[in-house]
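For the numbers below, each heavy atom of this structure counts, side chains included, while hydrogens, waters and symmetry mates do not.
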Amino acid sequence: MTGRAMDPLPAAAVGAAAEAEADEEADPPAADLPTPQAIEPQAIVQQAPAPSRMQMPQGNPLLLSHTLQELLARDTVQVELIPEKKGLFLKHVEYEVSSQRFKSSVYRRYNDFVVFQEMLLHKFPYRMVPALPPKRMLGADREFIEARRRALKRFVNLVARHPLFSEDVVLKLFLSFSGSDVQNKLKESAQCVGDEFLNCKLATRAKDFLPADIQAQFAISRELIRNIYNSFHKLRDRAERIASRAIDNAADLLIFGKELSAIGSDTTPLPSWAALNSSTWGSLKQALKGLSVEFALLADKAAQQGKQEENDVVEKLSLFLDLLQSYKDLCERHEKGVLHKHQRALHKYSLMKRQMMSATAQNREPESVEQLESRIVEQENAIQTMELRNYFSLYCLHQETQLIHVYLPLTSHILRAFVNSQIQGHKEMSKVWNDLRPKLSCLFAGPHSTLTPPCSPPEDGLCPH
């Protein structure tokens, strides 16, 4: 993420989008993704490298050489809300997605993002594919619409800056294809292409590059990143509250100034018994009315600080949390997917061996024994392929763990933005307060019409007789 603040969302667009959420028709569920077929390891090794196959990196392929600045420089994608009217009513919400890298600007619906993510998971099941925000909720309001837009922006920027995703045709299609049916185009691009395991030259040799204690390292890394996630989640929550307080403070200052202006604009006639103090009341009203300008300026400064911290602090923390969450999701896919399937295959293989031994002992017909032998050979090949996938999954996890650590310096960017915002905000507001201070002397008139400010009250708050 760059340090550039995001453009504020137009209130009209957000309000219209909130109405559209209630009327948006649910699209039909996406078709089931094709599951990669288990093939014999020998066939995988003997496959001729196609032009689209991933190239083997130089040096140790397990180690990543990217820096945070290199990843951030890959692309910056903006996502802005554009409600589209169909007839007299708003039918659905569209987003304008603009890419600096491809110099493109396309319109996308939420379901386009869904298909895009599905294709990424289909092609890269062993990589950190970020999660999408919820489609909608009952009574979707402006805050929900804006939060979802920000989440979609974080999603597409994380994808556009991933070392592998950024070079894949699926990303280019999503960011630059301007046709009317981008979903089918995305599905067609992945229809005849297997997942990363089938397209990576190193897939069958991933075990050779892994350290001997890879399982222990995986467990330690997973625990570390879980702790980092929990800590950054608390930091993000506090940052949100700090930014929210600045915005609330701006609203309070503005109302405070308006109330002073209301006092100064009061036209109620002065009663006759207070005529001796008419000059005091008139001077006071005139001074209070003028103070509303300074309080409006204070409110503007506080609001600017709150918005800046939302964009430069809260959003960057949320982006890093999205990345950490995608790592946690990847770990779950590894355990519940590859490992679970491997264990089931081993269990099935064990049952087949027992059946074979039983058939041999019972002198069954040769045909049934041959069929059982054939099934056992097929199961052995499936197990071998699953073992290769398991090691390749660990290989990818090792690299994705490195990618998390590449993003860790983002913390310094976040803290610098927070400190600078606080310094700048307090500095600007302090100047306005100091400019306001001399005007307070006009609020009270002393003896012989000499204007003097009131004395400070005693510590107990009671004025002496």
Just so I know, are the side chains of R74 and L71 near enough to count as touching, which here means a heavy-atom distance under 4.5 Å? yes

Are the side chains of Q117 and V159 in touch, meaning some heavy atoms are under 4.5 Å apart? no

Nearest heavy-atom approach of S326 to P130 is CB-CA, 3.8 Å

Given 3.5 Å as the limit, does a donor-acceptor pair link the side chain of S104 with the main chain of L175, or not? yes

Does some side-chain heavy atom of K153 sit less than 4.5 Å from a side-chain heavy atom of N157? yes

Between E428 and K431, is the closest basic N to carboxylate O distance under 4.0 Å? no

Residue pairs meeting ring pair (Phe, Tyr, Trp, His ring centres under 6.0 Å), one or both in residues 310-330, sequence neighbours left out, come to F232-F320

is_close_aromatic(Y126, Y395), centroid dist under 6.0 Å: no

Is the closest basic N to carboxylate O distance between R108 and E94 below 4.0 Å? no

Would you say the side chain of H334 lies within less than 4.5 Å of the side chain of F218, judging by non-hydrogen atoms? yes

So, using side-chain hydrogen bond (donor to acceptor under 3.5 Å, both in side chains) as the criterion, who are the partners of E309 when residues are at least two apart? Q305, S421, Q422

side-chain hydrogen bond (donor to acceptor under 3.5 Å, both in side chains) test vs D195 passes for just one of H122, R127, K123, R389, namely R389

